[in-house]
Amino acid sequence: MGKKITDRVTWVGKTDWELRTFHGDELSTFRGSSYNSYLVRDGKTALIDTVWLPYDREFVKKLKEEIDLAEIDYVIANHGEVDHSGALPALMREIPGTPIYCTANAVKSIKGQYHEDWNFVTVKTGDKLDLGSCTLTFIEAPMLHWPDTMFTYMSGENILFSNDGFGQHFASESLFNDTVDPHEVEAEAMKYYANILTPFSQMAEKKIREIVAMNLPISMICPSHGIIWKDKPMQIVDKYLQWANAYKENRISIVYDTMWNATRKMAEAIADGIRAADPAVTVKLFNSAKTDKSDIITEIFRSKAVIMGSPTVNNGYLYSIAGILDLIRGMKFKNKKAAAFGSYGWSGEAVRLMGEELSKAGFELVDEGFRTTWVPDGDVTAKLRQYGFELAPKL
Ligand code: FEO
């Protein structure tokens, strides 16, 4: 059975306690997730979004326990990605002529995935759908998280159905933010933003400011993943405005890989020097071969600087560092600084190459980095501490 949100709105989604990766293996989801679908019953009935494909039959079966499917007048597809549209084929087999309201881009993505010519009704920002005592207003929200995404605002209940926007990969038996650990939810909301929405921050900020300027009364924000923002719903909007604006905290991430621990020793000595120079800064070390990549991206998102380390191998840097560099290039981080370091035996190009890649990724490289041969001895370790000490004020 569904879970009641208000007298007119019922949650009919799927809580996925098992999910540990998302987008294939791109994103870790250690706290599971949910695919939120909402049934809006007024004079007319609308279903907002469905669930991920593996749960399509379960979704339709449970929906039938909640409502005679023939009573659904409209399907709203806020976003075509399979985690929200995956149950559409199973649903539309039951109610084939029911109109599906979505953006023109969503028609493309849904047709491209399911190859069905359903009864699509294309909508734009400001278009409305009258349900009786309340009205749904559609707001295109491209890149939150695909070009096809839209939000749906329900008057009367004053609910913003924001799809991926303001969501979190967080499984919970209770639906609302005031019934779960707020620190866990904020951590997951930030991880979601950092890993999925950072590249689109400029558009996200513009869209959010546009919605705020509409002065819509908002009593709840119902995303398509995780909990519903019911207590002080605008808190997550405020967070998004901060996160979208070249976000950084007084933190430094040292991200390194190491073959025989020489580069690890360098990382620790540099961290010592930074701490000595600036006790207020939070410095964290991450071995990129041993740390979840999504967590590293979240830590870099929070940091004012990244210091990257790798030994030189085959005239380059290690594989795990290559992966992190590839990820951060796509993130288009703004207003962050960087440096590089590493141990080498023979040729020693890794430090220069990491610096070049960090520059290409938009980081401001503050110096030429620190490289040393073999394993740092006491003198080199002291120089590394001094390097960290002098680096701290530049970051
Ligand atoms: Fe939750 Fe972009 O899909």
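Quantities reported herein were computed from a predicted structural model and do not represent experimental measurements. Just follow the structure's listing: the first ligand is 1, and inside any ligand the first atom is 1.
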So which N/O/S atom does Asp164 have closest to atom 1 (Fe) of ligand 1?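 Answer by atom name: OD1.
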
Is the Phe151 to His79 ring centre distance short of 6.0 Å? no

Using 2.8 Å as the threshold, say whether any N, O or S atom from Asp83 sits that close to atom 2 (Fe) of ligand 1. no

Is the distance between atom 2 (Fe) of ligand 1 and the nearest N/O/S atom of His84 smaller than 2.8 Å?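 So His84 does not count as coordinating atom 2 (Fe) of ligand 1.
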
Is [X] reaching over with its side chain to a backbone N or O of [Y], donor-acceptor style, under 3.5 angstrom?
X: Lys336; Y: Phe301; answer: yes
X: Asn105; Y: Pro147; answer: yes
X: Asp148; Y: Gly80; answer: yes

His145 near atom 1 (Fe) of ligand 1 via N/O/S, less than 2.8 Å: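 Looking at His145, which is the residue asked about, there is no N, O or S atom under 2.8 Å from atom 1 (Fe) of ligand 1.
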
Within 45° of the six-membered ring axis of Tyr35 and under 6.0 Å from that ring's centre, is NZ or CZ of Lys14 located there? no

ang(NE2 His79, atom 2 (Fe) of ligand 1, OE1 Glu81) rounded to 10° is 90°

